[in-house]
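To start, the structure itself, in structure tokens.
A, B, ... follow the sequence lines: proteins, then strands. Residue 1 opens every chain.
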2 protein chains.
Amino acid sequence: MPTSGQRLARPDRERLMLGAAGDAFSTQGFHRSSMDEIARAAGVTKPMLYRYFGSKEDLYAAYLRITGRELIDGVRAPETRDQSPEARLRAGLRAFLTYVEEHRAGWTVLHGESTAPTDAHIAREIAALRGRIIAMLTTLFGDEALAVAFAGATESLATWWLSQPQPPIDEATDVLMNIAHAASGFDRTA
Amino acid sequence: MPTSGQRLARPDRERLMLGAAGDAFSTQGFHRSSMDEIARAAGVTKPMLYRYFGSKEDLYAAYLRITGRELIDGVRAPETRDQSPEARLRAGLRAFLTYVEEHRAGWTVLHGESTAPTDAHIAREIAALRGRIIAMLTTLFGDEALAVAFAGATESLATWWLSQPQPPIDEATDVLMNIAHAASGFDRTA
DNA sequence: GGGTAACGTTACCCTGGAGTAACATTCTGA
DNA sequence: TCAGAATGTTACTCCAGGGTAACGTTACCC
């Protein structure tokens with residue numbers, strides 16, 4: 001009489017597990033989330049989680065890696081190769097805010113991890129991810145300090161913006177573009 | 001044969017405990033820090049920690065409360081009542097950066113907690129603290145979104161700045177003042 | 001159609017670390 | 001001077017939750 005669970009192909013099951021993991025991690029953080037609970041939410045039992053991901057930390061790492069890749073892909077998507085730096089920045093910001101809006105859980109975990117890392121090894125990966133974005137902004141602005149500040153402004157605004165009733169994406173983008181004009185190399189006329 | 005520990009008055013002992021707690025929490029986070037370890041670092045045993053603070057969460061909360069108060073006091077200190085908004089902001093930023101530099105552990109914990117809260121009840125307190133700062137900035141800038149973005153820029157820059165070899169405080173302040181000019185109500189001439 | 005690999009489960013083990021009981025040693029003040 | 005209130009310690013209890021062993025069940029493929 002055991003075996004209540006429907007059989008599913010590995011990729012599908014993994015998606016369910018990662019979804020449940022993301023929900024748990026984003027709302028309760030790594031430590032308050034238990035493997036039993038994540039398993040239950042994914043409609044499966046604990047040993048499956050371990051067979052597919054190895055350990056709780058590995059599950060967390062897998063979730064972060066996928067989420068990070070989605071973020072990078074999302075922000076890279078807009079093809080704006082031969083447009084002005086300003087236009088490219090604007091497109092990037094819109095893409096970023098869109099990603100954040102559509103992947104709240106992922107963004108929450110990613111953002112939390114970047115300031116309060118759970119694990120040293122994971123911290124390095126997150127730092128690398130953020131580093132790539134900072135590097136991009138640094139070449140854009142010509143100053144690392146400014147790039148770091150701008151990244152912080154963007155992250156903070158994004159998180160706040162999510163908590164607003166109905167986020168008007170263009171307003172958020174404008175606020176950031178406005179800031180970008182403050183000390184950037186490109187035009188100050190807008 | 002027991003009783004190896006030197007006797008100390010309560011306030012002194014508390015300071016030692018809070019210092020050890022801060023070191024542990026800032027370097028390893030709440031969950032990876034154990035009460036045994038904090039006790040040892042404070043030169044005392046676990047039951048003392050419990051007698052003085054009640055529970056691990058209460059110890060953490062006490063540490064955060066004190067740290068938050070120090071931050072507020074530090075930033076409030078510069079008496080600039082009847083100066084221009086710009087001068088007041090500059091003084092506030094300098095005071096903030098000075099605080100951060102002199103209380104690295106406290107800042108690390110505070111900052112981490114604001115993005116990845118350990119506990120719902122504590123999260124509210126931190127949110128209230130940040131809310132007060134945002135409110136101040138909002139009246140200064142006349143726009144909440146901008147205030148949130150600016151706060152994020154400041155926090156991010158402060159944390160990055162700490163990791164630099166020898167932080168020149170005025171440069172960091174200038175970067176932020178420059179950003180503040182972007183869309184603020186006060187002069188755009190600087 | 002049967003061997004094996006993958007999917008899935010129940011029922012357990014085991015440790016880290018939060019929290020406490022019970023006891024020893026000083027300090028203080030009436 | 002001695003009662004009781006602090007400061008302090010040793011030596012536990014106890015359990016949440018990470019991790020696993022052992023055992024069904026279904027699918028696939030030669």
Side-chain angles (χ1 to χ4, degrees), chain A residues 1-64 109 118-122, chain B residues 1-64 109 118-122:
Chain A
M1 233 48 46
T3 305
S4 63
Q6 282 305 306
R7 262 163 170 249
L8 237 48
R10 175 153 187 153
D12 298 339
R13 196 55 96 187
E14 273 182 355
R15 249 187 296 283
L16 287 178
M17 289 174 176
L18 287 167
D23 290 345
F25 291 146
S26 66
T27 56
Q28 321 183 54
F30 178 77
H31 292 281
R32 291 179 109 77
S33 305
S34 80
M35 291 298 263
D36 272 311
E37 171 205 4
I38 292 171
R40 196 165 352 106
V44 88
T45 50
K46 213 168 34 161
M48 285 302 292
L49 273 183
Y50 281 91
R51 191 167 300 162
Y52 278 40
F53 293 97
S55 75
K56 188 182 181 184
E57 289 214 338
D58 287 348
L59 170 60
Y60 191 63
Y63 177 73
L64 278 174
V109 178
T118 298
D119 173 78
H121 146 263
I122 287 173
Chain B
M1 216 56 50
T3 305
S4 62
Q6 284 304 307
R7 256 157 178 257
L8 237 48
R10 176 156 186 151
D12 299 339
R13 198 52 98 186
E14 273 183 354
R15 249 187 296 283
L16 287 178
M17 290 174 177
L18 287 167
D23 290 345
F25 291 147
S26 66
T27 57
Q28 321 183 54
F30 177 78
H31 293 280
R32 292 178 108 78
S33 306
S34 80
M35 291 297 265
D36 271 310
E37 171 205 3
I38 292 170
R40 196 165 355 106
V44 87
T45 50
K46 213 166 36 159
M48 285 303 290
L49 232 35
Y50 280 90
R51 190 168 301 163
Y52 278 41
F53 293 97
S55 76
K56 188 182 182 184
E57 289 215 337
D58 286 349
L59 171 60
Y60 191 63
Y63 177 72
L64 278 174
V109 179
T118 297
D119 174 79
H121 147 261
I122 287 173

Measure [atom1]/[X] against [atom2]/[N] and give the value in whole Å, please.
X      : N       : atom1 : atom2 : value
H31(A) : dG16(C) : NE2   : P     : 16 Å
Y50(A) : dA22(D) : OH    : C1'   : 18 Å
R10(B) : dT28(C) : CZ    : C1'   : 17 Å
M35(B) : dT10(D) : CE    : C1'   : 18 Å
E37(B) : dG19(C) : CD    : C1'   : 17 Å
L49(A) : dT10(C) : CG    : P     : 14 Å
D36(B) : dT10(D) : CG    : P     : 12 Å
R40(A) : dG17(D) : CZ    : C1'   : 12 Å

Legend entry - Those residues of residues 52-61 of chain B lying under 4.0 Å from DNA chain D by at least one heavy atom: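 By residue number: Y52(B).
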Legend entry - Base partner of dC30(D), which must satisfy Watson-Crick or wobble distances under 3.5 Å: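 Pairing partner, where one exists within any strand: dG1(C).
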State, to 0.1 Å, how close [X] and [Y] come at their nearest heavy-atom pair, and which atoms those are.
X       : Y       : answer
L59(A)  : M35(A)  : CD2-SD, 4.1 Å
S33(A)  : G29(A)  : OG-O, 2.6 Å
E57(A)  : I122(A) : O-CD1, 4.3 Å
Y50(B)  : K56(B)  : CE2-N, 4.4 Å
V109(A) : Y60(A)  : CG1-OH, 3.7 Å

Legend entry - base_contact_polar (dT25(D) base, R7(A) side chain, donor-acceptor, <3.5 Å): yes
Inset, instruction - Measure the acute angle between the ring planes of H31(B) and H31(A), then classify it against the limits of 30° and 60° as parallel, tilted or perpendicular. - result: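 Ring orientation, 0 to 90° scale: parallel.
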Legend entry - Separation between CD of E37(B) and CD of Q28(B), rounded to the nearest 0.5 Å: 4.5 Å
Legend entry - D58(B) CG to L49(B) CG distance, which is reported to the nearest 0.5 Å: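 Interatomic distance, D58(B) CG to L49(B) CG, rounded to 0.5 Å: 11.0 Å.
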Inset, instruction - Take K46(B) and L8(B), find for each the nucleotide of DNA chain D with the closest heavy atom, and name the residue whose nucleotide sits nearer the 5' end. - result: L8(B)
Inset, instruction - Tell me which nucleotide among dA21(D), dT10(D), dA18(C) gets nearest to the side chain of P47(B). - result: dT10(D)
Inset, instruction - Under 4.0 Å between any heavy atoms, over every strand shown, what does R51(A) touch: base, sugar-phosphate, or nothing? Just pick one. - result: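 R51(A): base contact, heavy atoms under 4.0 Å.
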Inset, instruction - Please work out if M48(A) contacts a base, only the sugar-phosphate, or nothing of the nucleic acid, heavy-atom cut-off 4.0 Å. - result: base
Write down the protein N/O and nucleotide N/O pairs, taken from nucleotides 1-3 of chain C, whose separation is under 3.5 Å; answer none if there are no such pairs.
none

Inset, instruction - Please state whether the phosphate of dG17(D), meaning OP1 or OP2, lies under 4.0 angstrom from any side-chain nitrogen or oxygen of S34(A). - result: no
Legend entry - Donor-acceptor contact below 3.5 Å, side chain R32(A) vs main chain A24(A):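 Absent.
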Legend entry - Chi angles and distances behind the side-chain contact (heavy atoms from CB on, under 4.5 Å) call for D23(B), I38(B): CA-CA 9 Å; D23(B) 290 345; I38(B) 292 170; over 6 Å; no
